[in-house]
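Okay, so here's the structure we're looking at.
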Number of protein chains: 2
Amino acid sequence: MAYGSALQCLSDPTRREVFERLRSGPKSVGELARGLPVSRPAVSQHLKALKEAGLVNDEPDGARRIYHIDPQGLGELRRWFDQFWDAALQALKREVEKPEPKGRKTP
Amino acid sequence: MAYGSALQCLSDPTRREVFERLRSGPKSVGELARGLPVSRPAVSQHLKALKEAGLVNDEPDGARRIYHIDPQGLGELRRWFDQFWDAALQALKREVEKPEPKGRKTP
DNA sequence: CACTTCCGTAAGCCATGACTTACTGTAAGT
DNA sequence: ACTTACAGTAAGTCATGGCTTACGGAAGTG
């Protein structure tokens with residue numbers, strides 16, 4: 001159940017902001033921290049959490065580290081999420097096909 | 001940005017368990033609390049949070065209240081999530097189509 | 001070899017929130 | 001009307017975790 005840690009990661013607004021910034025492409029830590037209302041070490045800690053959740057990955061580039069979104073964790077999240085999506089669609093379908101057997105709600 | 005509160009809701013394991021139990025169909029509060037390692041008031045508080053996030057809805061049934069999954073919040077979450085999914089697919093596609101223009105990483 | 005830049009880690013502070021018990025309210029049964 | 005079952009709210013406790021500053025290490029530049 002890796003989607004648990006992934007969801008917990010994305011629950012924090014700052015961490016979500018970091019993750020969203022990676023959507024436009026790979027970036028370094030300093031690049032990600034620039035403009036954020038928190039310190040750079042904070043961003044490092046967030047990236048560590050995101051990496052352990054399988055949401056991002058990194059590769060060294062000289063003295064810097066380039067982070068990018070990892071499809072791995074994203075895929076697990078999507079699979080878990082689709083279960084509810086399918087269930088909701090089926091429930092909605094049942095709701096529509098059932099024309100109030102007893103009693104009207106909008107008389 | 002309603003997906004923010006939705007993600008925060010689903011970050012808690014207990015709240016996630018409640019939400020997952022609703023996947024098999026609408027249930028009452030006591031029914032949801034039965035078997036969970038927390039008290040019934042705790043489940044009530046979780047349901048309140050889930051409702052404010054647009055993830056569940058409820059309707060009275062005598063002295064009970066029946067909760068069910070709300071497609072509303074689920075849809076917003078999915079739209080937000082698909083942005084990353086698409087971005088990840090495009091990035092993966094670029095990665096595959098790019099045969100190392102300069103320098104080999106695995107010589 | 002200094003010096004700078006970039007980054008991760010450690011320690012500590014403090015707000016957030018998940019849980020409990022106790023209470024109130026509402027609906028159904030007798 | 002009394003009693004029982006169901007559910008939401010209030011108040012208070014306590015752990016989790018997000019942030020800061022301070023430090024240490026590794027890689028480029030003069």
Side-chain angles (χ1 to χ4, degrees), chain A residues 1-22 25-70 102-103, chain B residues 1 3-22 25-70 102-103 105:
Chain A
M1 53 150 132
Y3 59 87
S5 53
L7 283 171
Q8 190 176 354
C9 267
L10 297 176
S11 68
D12 182 69
T14 305
R15 207 149 40 202
R16 210 162 47 227
E17 174 73 25
V18 169
F19 190 62
E20 289 178 353
R21 289 196 177 199
L22 284 177
K27 291 182 178 39
S28 70
V29 179
E31 204 171 351
L32 286 168
R34 202 182 324 268
L36 283 184
V38 297
S39 67
R40 186 199 48 77
V43 175
S44 259
Q45 295 167 359
H46 284 312
L47 285 169
K48 181 180 181 181
L50 286 167
K51 184 177 180 182
E52 287 176 347
L55 289 171
V56 304
N57 231 324
D58 61 337
E59 36 189 25
D61 174 40
R64 305 186 304 173
R65 293 198 79 84
I66 307 298
Y67 283 82
H68 57 88
I69 289 184
D70 185 358
K102 287 185 180 180
Chain B
M1 53 150 135
Y3 60 87
S5 52
L7 283 171
Q8 190 175 356
C9 268
L10 298 176
S11 67
D12 182 69
T14 305
R15 207 149 41 204
R16 208 162 49 227
E17 174 73 24
V18 170
F19 189 62
E20 289 178 354
R21 288 196 178 200
L22 285 177
K27 291 184 179 35
S28 69
V29 179
E31 203 170 351
L32 287 168
R34 201 183 323 269
L36 284 183
V38 298
S39 67
R40 186 199 48 78
V43 175
S44 259
Q45 294 166 0
H46 284 312
L47 286 169
K48 180 180 181 181
L50 286 168
K51 184 177 180 180
E52 287 176 348
L55 289 171
V56 304
N57 231 324
D58 61 338
E59 36 190 24
D61 173 41
R64 304 186 305 172
R65 293 199 78 85
I66 307 299
Y67 282 82
H68 56 89
I69 289 182
D70 186 359
K102 286 186 180 179
K105 280 178 184 172

Checklist outcome for this item: Comparing A:G62 with B:V29, nearest DNA chain D nucleotide closer to 5' gives the residue B:V29

Checklist entry - If you take atom types as modelled and just measure distance, does the side chain of B:Q8 reach the base of C:dT16 with a donor-acceptor pair under 3.5 Å? => result no

Next on the checklist: At 4.0 Å (heavy atoms only), tell me whether A:P60 reaches a base, stays on the sugar-phosphate, or touches nothing.
Outcome noted: nothing

Checklist outcome for this item: For A:R34 and A:R21, the nearest pair of non-hydrogen atoms, with its separation, is O-NH1, 2.8 Å

Checklist entry - If you take all heavy atoms of A:K27 and A:L22, which pair is closest and at what distance? => result N-CD2, 3.8 Å

Checklist entry - B:Q45 side chain: which of C:dT9, D:dG18, C:dC19 is closest? => result C:dC19

Checklist entry - Counting only N and O atoms by type, is there a donor-acceptor contact under 3.5 Å from the side chain of B:R16 to the main-chain atoms of B:L10? => result yes

Next on the checklist: Please give me every residue in residues 30-40 of chain A whose heavy atoms get under 4.0 Å of an atom in DNA chain C, ordered by residue number.
Outcome noted: A:G30, A:R40

Checklist entry - Do the side-chain N or O atoms of A:H46 get closer than 4.0 angstrom to the phosphate oxygens (OP1, OP2) of D:dG17? => result no

Item to check | Distance-minimising heavy-atom pair for B:L47 and B:V56 | outcome: O-CG2, 4.0 Å

Next on the checklist: Checking contacts here: which listed nucleotide (D:dA7, D:dT9, D:dG18) is nearest the side-chain heavy atoms of B:K48?
Outcome noted: D:dT9

Checklist entry - Does OP1 or OP2 of C:dG8 have a side-chain N or O of A:Y67 closer than 4.0 Å? => result yes

Checklist outcome for this item: Correct closest heavy-atom pair for B:A53 and B:C9 would be CB-SG, 3.8 Å

Item to check | Distance-minimising heavy-atom pair for A:Q8 and A:R15 | outcome: O-NH2, 3.4 Å

Next on the checklist: Side chain of B:A63 only, heavy atoms from C-beta on: which candidate in D:dA7, C:dA27, C:dC7 is closest?
Outcome noted: C:dA27

Checklist entry - Considering only C:dG8, D:dT9, D:dC19, which nucleotide approaches the side chain of A:T14 most closely? => result D:dC19

Checklist entry - Of the nucleotides C:dG8, D:dT9, D:dT20, which one has an atom closest to the side chain of A:R65? => result C:dG8

